[in-house]
Amino acid sequence: MSDLRQRIATLSPEERAVLERRLKEETLSAAAEPIRRRRGEGPVPLSFAQQRLWILDRLDPGLAFYNIAQAFRLRGPVDVEALGRALET
């Protein structure tokens, strides 16, 4: 994430003001919109959180900005190859 901070730090004052204004507008508009029942088929719009993750990925593709850490305790014999395939899937 430090690369993202560096990129923001290199913005001109005008670019930074535009970024701050757009982020504030998106936050306010997302908070003000009521959740409505969805009708019909077709693509579903992204949530604000999903949009934010998409923007972060566009700024720095491939980085894991959003991870959910989990720990498991395994007891007994473990088939390492099967476990590896399961985690890859």
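FYI, side chains are in, hydrogens and waters are out, and symmetry mates aren't considered; it's all heavy atoms of this structure. Counting from 1, the numbers follow the sequence of the chain as shown.
Counting only heavy atoms from C-beta outward, the side chains of Phe48 and Arg52 approach each other to under 4.5 Å.
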Pairs of donor and acceptor atoms involving the side chains of residues 8-23, under 3.5 Å and at least two apart or interchain, shall be tabulated with distances.
from	atom 1	to	atom 2	distance (Å)
Thr10	OG1	Arg7	O	2.7
Ser12	OG	Glu14	OE1	3.4
Ser12	OG	Glu15	N	3.1
Ser12	OG	Glu15	OE1	3.3
Glu15	OE1	Ser12	N	2.9
Arg16	NH2	Ile8	O	2.9

Which side-chain N or O atoms in residues 81-89 pair as donor and acceptor under 3.5 Å with protein atoms at least two apart or in another chain?
from	atom 1	to	atom 2	distance (Å)
Thr89	OG1	Arg85	O	2.9

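Heavy-atom minimum distance, Ser47 versus Gln50: N-OE1, 2.7 Å.
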